[in-house]
*Asks:* 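This is the structure, below, for whatever I ask next.
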Amino acid sequence: MNHEAPPRSVLLTGATGSLGGQLCAELLASTSATVYCLVRGADPAAAAERLARRLRQVDDRPDAGERLIVLPADFERPGLGLSGRDYDALAETVDAIIHSAANVNLAADYARLAPVNVGGTRSLIAFARRRAELTGQPAGFHHVSTLSVLVGARSAGLDEVDENTAPSLATAGRLGYPRSKAAAELELRVAARDGLPVTVFRPGLVTGYSRTGRTSGTDVLVPMLRAAVALGTAPTGPDVVPADMIDVVARGIVALIWRADTTGRAFHLIRAEPLRLADVFDALRRAGHRLDPVEPDDWWSQLQNHPADPAVRPMAAMAEAGRYLLALDPAHRPPRFRSEATRAALRTAGVPAPPLDGAFFDRLVTGLHAMGDSRPAPTPRSGGTVAEPTGNRVQPAPDPGSLRVDGMVSPLSFAGADRFPDAAGAAAACEAAGYGAFWVPEQNHDPLLALAAATAGTTSIELGTAAVIALARNPMTVATAANDLHAQSGGRLTLGIGTQRSVHLANRFSMPSDRPAARLREFVAALRAIWDCWNHERPLEFRGEFYTHTLMSPFFTPPPNPHGPPKVFLTAAGPRMAQLAGEVAAGLITPPHATRRHLAEVLMPAVERGLAKSGRPRSSFTVVCVPLVVTGRTDAERARVAARVRTLIAFWCSTPAYRSVLDPYGLGGLGDELLELSLSADRDRWSRMAERVDDTILDIFATVAPQHDVGRALHRRYAGIADRIIMPAPHGAEAGLWDTEALALDQVDPDLTVPHQ
């Protein structure tokens, strides 16, 4: 390839990240190049859906057409995770590499970040060299680094740095992220001496889109501003940050790549005048937030004194990064960053720079408010319909290639936990991991009380019961508790309810147990009548066969809920309840023992019948599954998890009502045997029952996979049927076992907080 000619085809990494997605859009909008994107995914469809989701969030996104090609790959694996033939074919095809993928975590140490940030760079250097072997010319290597590789330059004796300053581990300071990116630049420096044409781009703080102010969670300003609002204070001082808008940075990178004189150079993509934090805090004040000015040291102390506040926690976790951002002491005072050569090149390339002024910061703050609560305002519901109000509409059924991953308070266990669950900590861990919702079952603790704790410990994650035993209560008590939780959480509650087996209703709860489906149908109708009374000041006149609610004086009436009523989901193990869910609810929560065959052949056809009766499409309805997962970091841990799951399976299979799940596999005799054992006086009966669940039966009911392959295995089992799956929270004693990245859950859900590729 002639490196003075514009690239005809580009390999882009990190396109599912914030800046990477903007780069992808810019390449499609301003060049004629074909763009190959390496994206993690179980298959081409899943990888393409991940990228499509990201591009839908890009302002002014262009039509990709046939110039965008998505490759399911993994640059941490040999050969980028491609076959040898595909690897060589891609190497011969692309003229340039734009490496934007990175694990951006300002709270993580170097060891955690290096596999992606350093190892991934090495893999792409090898790819560029392979192109040289095949074609005689290496691909141009355009590396998106970060200005923070120079943030510790003062401690290395440099008060001022420019594009020609060579980063080192010393100039990167003590933070893991800058050190990992500096190490990647060192790898590229060696490769450049060996003949690889390298260009390095170092953005500073990358903030919102110039026209709309829309930004993302990777913008460091986001946790800082949310913490300021939560504390009601803002640090004073002349603190300035080298920064630019995300679309300006992306436009600059693409324009410089297309110039002939940039190879071998580094560029600092920042404004001549740095961003003043005081200007951003003033925009918050203009938006109505009271922020008392305090000295930076005092503000930092306030931050550290409120680690339990979910709005403060993300900023408090970035201890070193925050101190650099505020320049709190000499050890954390960045150098002066110069970028004259970059600005001259951008002027020649015709890249405009919209003003980074008060109007932009007002748009940024508006965008932050939108990020904090994306739920639309509630819409009144007409009296006779079973559809949810549009203010609480369910998620449309996603493309079969993707699922949403939710979390639950702790792994399911036959005996339950040996201590009270930490619902607040588990919910916060799920929110940090990017899970869609946090669910609490009713086993040996009250899920509504647990969600009250989870509400206080989170700000944005949806919350749900999976599920409340409705027929052990009455509609008024459930309506009251759910209404309070929905209001206190800012409209985040999904009320999952179910019936429980008749023997438990009669003997454990001392409640009527006949005609459970009819009772639950009426229970849902009663809930909605009660909420309708409260929210629209209508008389309470509900008269049913099982429940009557006709008295509601002002003394007992709560104010209208600003978020409307919560969504209602039903649990179902058989077709009758599944059809009822399709008729009267917004979603279905399936039992953990439901196999894919039971889901596909029994429950989903029943749901479709119910939806047809209610006149709703499948896209208006959410199916939530609770997988049983057997995995482990060691053989011993896997054996412990397997034993726990075998006991659960034995317990459920001993229940006569679940016989229909066993019969298709010829396991009816096993059910009879387990039932007989469960009724015996044998003190070891539960362990003996678990021994009857061999590996073949375990594979029928559970997803059994090595930890790194759990995401792919779950995708194979549930894609095309479920919309959401509930996994144990990455929290507590087994946090490492259920770690999002270790399980590769981004293979299931591209919205999780994982390294961008």
Side-chain angles (χ1 to χ4, degrees), residues 11-18 20-21 24-25 35-58 61 64 66-83 86-87 90 100-101 103 116 120 395-407 433-437 596 599-600 604 618-619 622-625 627 629 631 703-727 738-757:
L11 178 66
L12 175 66
T13 71
T16 57
S18 180
C24 184
V35 183
Y36 294 83
C37 292
L38 293 184
V39 177
R40 291 182 192 264
D43 52 44
E49 174 58 21
R50 280 196 67 199
L51 181 56
R53 284 194 182 195
R54 175 67 193 101
L55 293 181
R56 285 195 290 268
Q57 299 169 3
V58 175
R61 59 187 180 276
E66 297 181 353
R67 291 195 294 121
L68 180 62
I69 300 172
V70 183
L71 302 174
D74 184 347
F75 61 68
E76 293 182 71
R77 297 174 61 190
L80 304 177
L82 303 172
S83 68
D86 290 346
Y87 182 85
L90 184 63
S100 177
N103 189 342
V116 173
Q395 296 283 341
D399 185 276
S402 65
L403 298 163
R404 194 70 172 102
V405 173
D406 298 341
Y435 287 7
R596 182 178 176 92
L599 292 168
M604 290 312 300
R618 169 66 177 87
S619 60
T622 302
V623 176
V624 184
C625 293
V629 178
T631 190
T703 299
V704 182
Q707 197 180 28
H708 68 272
D709 200 42
V710 166
R712 294 182 181 88
L714 289 169
H715 183 274
R716 289 192 296 269
R717 195 176 192 100
Y718 292 100
I721 293 181
D723 302 319
R724 315 177 77 100
I725 58 173
I726 303 177
M727 294 290 291
W738 305 112
D739 178 75
T740 307
E741 186 175 351
L743 297 174
L745 292 182
D746 62 329
Q747 299 292 327
V748 179
D749 184 350
D751 289 337
L752 298 182
T753 305
V754 294
H756 293 303
Q757 180 173 326

*Asks:* Ala433 and Thr740: which non-hydrogen atoms are nearest, and at how many Å?
*Replies:* CB-OG1, 3.5 Å

*Asks:* Without swapping roles, check the side chain of Thr703 against the backbone of Val629 for a donor-acceptor pair under 3.5 Å.
*Replies:* no

*Asks:* Can you list everything that forms a salt bridge (charged side-chain N to carboxylate O under 4.0 Å, His left out) with Arg716? Sequence neighbours excluded, please.
*Replies:* Asp709

*Asks:* What pair of heavy atoms forms the shortest contact from Cys625 to Leu599, and how long is it?
*Replies:* SG-CD1, 3.9 Å

*Asks:* Output all residues satisfying side chain to side chain contact (heavy atoms under 4.5 Å, CB included) with Pro78, sequence neighbours left out; order by chain, then residue number.
*Replies:* none

*Asks:* Rounded to the nearest 0.5 Å, what separates atom CD1 in Ile726 from atom OH in Tyr435?
*Replies:* 12.0 Å

*Asks:* List the residues meeting side chain to side chain contact (heavy atoms under 4.5 Å, CB included) with Ala47, not counting sequence neighbours, and say none if there are none.
*Replies:* Val39, Val70, Pro72

*Asks:* Compare every heavy atom of Leu55 with every heavy atom of Gly21, then report the nearest pair and how far apart it is.
*Replies:* O-CD2, 3.7 Å

*Asks:* Check for a donor-acceptor pair, side chain of Asp723 on one end and backbone N or O of Val623 on the other, with a separation under 3.5 Å.
*Replies:* yes

*Asks:* Listed by chain and number, what are the salt bridge (charged side-chain N to carboxylate O under 4.0 Å, His left out) partners of Asp86, not counting sequence neighbours?
*Replies:* none

*Asks:* Show the nearest heavy-atom pair for residues Thr631 and Ala705, with the distance to one decimal.
*Replies:* OG1-O, 2.9 Å

*Asks:* Could you tell me the separation between the OG1 atom of Thr16 and the CG atom of Leu38, rounded to the nearest 0.5 Å?
*Replies:* 10.5 Å

*Asks:* Are the side chains of Leu714 and Met727 in touch, meaning some heavy atoms are under 4.5 Å apart?
*Replies:* yes

*Asks:* What's the spacing between Leu743 CG and His708 NE2 if we round to 0.5 Å?
*Replies:* 11.0 Å

*Asks:* Would you name the heavy atoms of Leu82 and Ala73 that are closest together and state the gap between them?
*Replies:* CD2-CB, 3.9 Å

*Asks:* Is the backbone of Ser18 close enough, under 3.5 Å, to the side chain of Arg54 for a donor and an acceptor to pair up by distance?
*Replies:* yes

*Asks:* Verify side chain to side chain contact (heavy atoms under 4.5 Å, CB included) between Asp749 and Leu403, making sure each step is shown before the conclusion.
*Replies:* CA-CA 5 Å; Asp749 184 350; Leu403 298 163; 5.8 Å; no

*Asks:* Calculate, to the nearest 0.5 Å, the distance between atoms CG and NE2 belonging to Asp746 and His715 respectively.
*Replies:* 11.5 Å

*Asks:* What I'd like to find out is whether the side chain of Glu741 reaches to under 4.5 Å of the side chain of Asn103, using heavy atoms alone.
*Replies:* yes

*Asks:* Under the ring-ring contact (aromatic ring centres under 6.0 Å, His included) rule, collect the residues that match up with Tyr87, sequence neighbours excluded.
*Replies:* Phe127

*Asks:* How long is the gap from CG on Leu68 to CG on Leu51, to the nearest 0.5 Å?
*Replies:* 5.5 Å

*Asks:* Apply side chain to side chain contact (heavy atoms under 4.5 Å, CB included) to Arg596 and list each qualifying residue two or more places apart in sequence or on a separate chain.
*Replies:* Ile721

*Asks:* Is Arg50 reaching over with its side chain to a backbone N or O of Arg40, donor-acceptor style, under 3.5 angstrom?
*Replies:* yes

